[in-house]
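Lettering of chains follows the sequences in order, A, B, ..., and the numbering in each one begins at 1.
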Amino acid sequence: MSGAERSTPVVGRARVLAVDDDPSFLALLREVVRGTRHLEIAGEAESGERAVATAPGLRPDMVLMDVSMPGLGGIGAAEAITAERPATVMVLISATHPDEIPVARCAGRIHAVIWKSVLEPRLLDEVWLEHGHSAPRTGGSR
Amino acid sequence: VLQPTQSESAAALRPAAIDGRWARSALRALGARHWKPALMAFAAAAAALTAWVTARADFLAHPGWLAAQKADFIVGPIGVGLYWLHQRPGNRFGVLLIVLGLLGIPYVLESSSDPTLFAIGVVAEDPSWLMLTYVILAFPSGRLAGLPERLIFATLTVAALVVLVVTLATDHLAPGLSISQCRDACPGSELGLSEWRTPDRVIGTLPILVGLATAGVIGWRFATGTPPRRRALAIGTPIALLFLLVQTSQQALVVIAPNGPAGTDPAIQEVVQWTLAGTRACIWYGFLFALIAAQLFAGRVLREVVGASMRRPSTRSLERLLRAPLGDPGLRIGFWRPRERDFAGAQGDRLEPSQGQALTTVERDGRPAAAILHDAQLSDDPEILSAAGGVALLAAENSELERAWNASLRELTASRGRLTEASDRERRKLERDLHDGAQQRLMAIQIKLRLAKERTRDQRLADDLEAIGADAERAVEELRTLAHGIYPPVLRAFGLTDALRDSARSATIPVTVRDDGIGRYPRTIEAAIYFCAMEAVQNATKHAGDGARVTITLGRDGERARFAIADDGAGMDGTASRDGEGLVGMRDRIGAVGGELEIVSSPGAGTTVRGTVPLTGHVG
């Protein structure tokens with residue numbers, strides 16, 4: 001939002017694909033991303049399948065993926081996307097406590113699992129700053 | 001006094017009247033409840049009297065032998081007849097033997113030196129004679145089974161009458177072939193009879209024909225009989241056959257010899273006399289051995305049948321089992337159908353005896369229950385038939401019970417499974433609703449509170465928002481704990497190993513989970529094993545003692561999931577706490593999915609709860 005825009009240079013923001021089957025939570029994710037310093041929403045998807053289909057064209061730097069979705073599900077979609085674009089920073093957003101999602105199960109390159117209960121803009125920035133350096137900065141380059 | 005065929009009044013003795021029912025009702029009419037021992041005592045007394053009188057008759061050549069023979073004529077048939085009646089109450093052969101023995105009583109008169117009594121004795125021999133032939137022909141069923149037998153008996157009866165009339169009209173003396181050797185010393189007859197009645201030669205050939213025909217019929221029945229009948233005949237009739245042949249030879253001598261038997265070689269006479277006497281005295285013992293042999297045989301067959309019935313035979317295999325020893329390939333077993341009022345075979349068809357077959361029914365509580373369709377000749381082996389029918393009935397009832405038991409067991413397991421499944425479904429739904437509904441909403445509120453806090457510059461508002469956020473966090477925690485207890489989300493998402501590892505972290509006792517490749521299963525099974533394992537861990541926490549560790553092992557053996565929860569703690573003693581509430585709950589949980597649970601514990605050796613659950617036949 002405006003606050004985030006004020007504190008962060010618009011150029012060089014990382015492009016984020018937000019995925020959640022619940023539209024109201026998707027809207028909330030959008031707001032949280034707007035509150036970050038380094039991220040901006042590049043696209044949204046309401047299912048894992050849609051996310052997998054959108055990712056190649058969208059080329060997001062970071063994906064915020066809801067874990068439990070019908071069909072392919074968050075983990076399946078995350079695996080598919082990172083398999084194709086290994087440099088993507090993959091963040092799972094989960095209503096279930098991360099302790100209850102064994103990391104071993106999250107095959108592929110999952111950079112972080114964030115519990116919805118503690119989700120806030122700063123946390124996303126931290127994840128990006130920690131893992132984003134390896135990701136190609138596609139944001140604004142096109 | 002062993003002349004075969006001459007006779008008197010035997011015609012009065014109609015064989016048809018010699019009926020088991022008739023005799024029994026007559027005896028009942030006497031009010032003799034213990035008529036069998038009484039009859040035996042009477043026979044023994046009569047035999048003793050006869051022996052005493054005969055042994056003292058000084059005009060006889062071998063009074064000692066004759067005494068024994070005449071006593072045996074009474075006590076032998078009656079004794080064997082009573083035993084037969086006792087063993088086969090429905091068979092009238094025993095009654096025939098008893099009648100034969102009673103007819104032997106007048107023989108004592110031939111030991112009398114009084115001419116009148118002696119003559120009466122001679123005449124009284126004829127009914128006994130007819131009866132003996134009847135018994136031989138009727139063995140072992142007690143009935144004259146076929147037309148040949150009836151014809152033979154009718155001919156014999158007519159011949160006896162004719163001979164009687166002829167001899168009554170003449171006063172012709174001739175020597176006989178009795179071992180009594182009294183032809184010169186025997187008392188004369190006041191009736192114009194003597195012991196040696198030599199009839200007309202043409203009439204004299206009749207007994208020969210009857211004897212040969214009787215032997216022929218027995219031979220023919222043996223040749224065409226089923227194995228059981230052959231067995232009965234082979235044991236029961238050789239003596240009778242020998243007797244018949246000797247008797248026929250003797251009669252032939254009487255007819256052929258120019259001067260009657262007296263004209264023949266004394267050596268031949270000797271042989272004929274003694275063989276005749278010996279064989280005649282042994283006939284009923286042949287029948288006795290036949291009965292005993294049949295019982296032994298029945299015992300052997302039954303042992304096989306009962307042994308086989310332990311292996312839960314089908315009706316058909318029981319049939320096969322009985323067919324070989326009974327030699328009846330057409331044997332069938334049927335069971336009573338109350339509605340159709342008939343017996344149904346293994347194929348569900350109605351059992352009906354065709355030509356030469358008979359139906360032996362087995363009753364229970366006075367009602368027909370089972371039946372064996374068999375060759376009519378098998379009626380000679382009633383022991384086997386009724387007992388085999390009983391075994392068939394038992395086997396059928398057993399399999400019926402087993403089927404019903406298995407069906408109800410299956411139904412019970414299925415309904416337990418359905419109940420558990422329904423309850424699990426409710427739990428999952430509740431957990432799902434909490435997780436997706438209230439919990440998600442609370443989390444959204446948490447996020448919104450944080451976003452709002454960041455945006456505000458009002459410190460007091462920020463503090464308030466912080467406090468509300470803390471409340472929301474507690475609410476989320478509480479909801480999580482609640483939902484977890486209802487149905488662990490990890491279990492749903494990742495299966496037993498991860499769910500148990502996850503739960504192990506919050507246990508107050510060290511828990512190690514070892515996964516030997518258990519894999520994923522239908523939710524009901526996973527829930528059953530999960531909650532059972534949690535209960536076992538809970539028990540270990542309470543009872544294993546300080547420093548104890550728990551190891552959970554999960555694996556799979558073919559089509560069964562296998563699990564074990566072992567602690568190295570204090571263990572428990574015997575059955576003290578074995579079926580506490582928790583253990584009952586564990587058993588119920590595992591039992592509801594068709595699994596088995598075992599608890600092994602001993603003091604100092606820890607406690608192991610282990611079980612298996614079949615993986616087939618479940619809905620996910």
Side-chain angles (χ1 to χ4, degrees), chain A residues 1-8 18 20-37 39 64 66-70 72-76 78 92-107 113-126, chain B residues 431-457 465-466 469-485 487-506 513 515 520 530:
Chain A
M1 275 267 206
S2 59
E5 277 164 19
R6 260 198 314 278
S7 57
T8 314
D20 200 310
D21 60 326
D22 178 355
S24 66
F25 203 86
L26 204 52
L28 197 56
L29 268 183
R30 207 182 302 137
E31 278 195 59
V32 173
V33 171
R34 274 189 200 144
T36 61
R37 290 161 179 270
L39 308 171
L64 302 179
D66 183 32
V67 171
S68 80
M69 285 185 293
L72 185 58
I75 291 172
L92 295 184
I93 307 290
S94 169
T96 306
H97 193 278
D99 280 357
E100 293 171 358
I101 308 170
V103 177
R105 292 283 172 187
C106 305
V113 183
I114 297 177
W115 191 23
K116 283 181 181 175
S117 179
V118 296
L119 183 64
E120 57 181 329
R122 199 178 45 208
L123 210 52
L124 292 184
D125 275 332
E126 280 171 16
Chain B
E431 188 274 332
R432 193 76 255 186
D433 289 348
L434 282 175
H435 183 275
D436 293 351
Q439 205 176 322
Q440 287 256 48
R441 241 170 266 288
L442 267 175
M443 288 177 182
I445 288 169
Q446 282 183 295
I447 296 167
K448 283 174 184 164
L449 281 171
R450 270 184 225 111
L451 289 174
K453 203 187 97 189
E454 269 185 32
R455 276 179 222 130
T456 185
R457 292 192 181 114
L465 289 172
E466 177 83 37
D471 283 348
E473 194 183 328
R474 269 194 299 277
V476 165
E477 272 308 316
E478 278 171 21
L479 264 183
R480 255 190 86 208
T481 311
L482 185 62
H484 193 278
Y487 198 95
V490 193
L491 180 60
R492 184 184 52 221
F494 303 106
L496 275 167
T497 307
D498 290 327
L500 286 170
R501 279 192 181 132
D502 179 52
S503 304
R505 276 200 290 270
S506 54
V513 180
D515 182 357
R520 292 300 308 266
Y530 174 84

B:E473 atom CD: more than 12 heavy-atom contacts under 6.0 Å: no

Greater than 12 external heavy atoms within 6.0 Å of A:E126's CD: yes

Non-hydrogen side-chain atoms of [X] and [Y] separated by less than 4.5 Å:
{"X": "B:H435", "Y": "A:T96", "result": "yes"}
{"X": "B:R432", "Y": "A:S68", "result": "yes"}
{"X": "B:Q446", "Y": "A:K116", "result": "no"}

Nearest-0.5 Å distance, [atom1] of residue [X] to [atom2] of residue [Y]:
{"X": "B:M443", "Y": "A:W115", "atom1": "CE", "atom2": "CH2", "answer": "5.0 Å"}
{"X": "A:D22", "Y": "B:D436", "atom1": "CG", "atom2": "CG", "answer": "9.0 Å"}
{"X": "A:S117", "Y": "B:I445", "atom1": "OG", "atom2": "CD1", "answer": "11.5 Å"}
{"X": "B:L449", "Y": "A:E120", "atom1": "CG", "atom2": "CD", "answer": "11.5 Å"}

B:I447 portion near chain A, given a 4.5 angstrom heavy-atom threshold: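 It is both, since atoms from each part get that close.
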
Side-chain (B:R450) to main-chain (A:L119) donor-acceptor, under 3.5 angstrom: yes

B:R455/A:E31 salt bridge by N-O under 4.0 Å criterion: yes

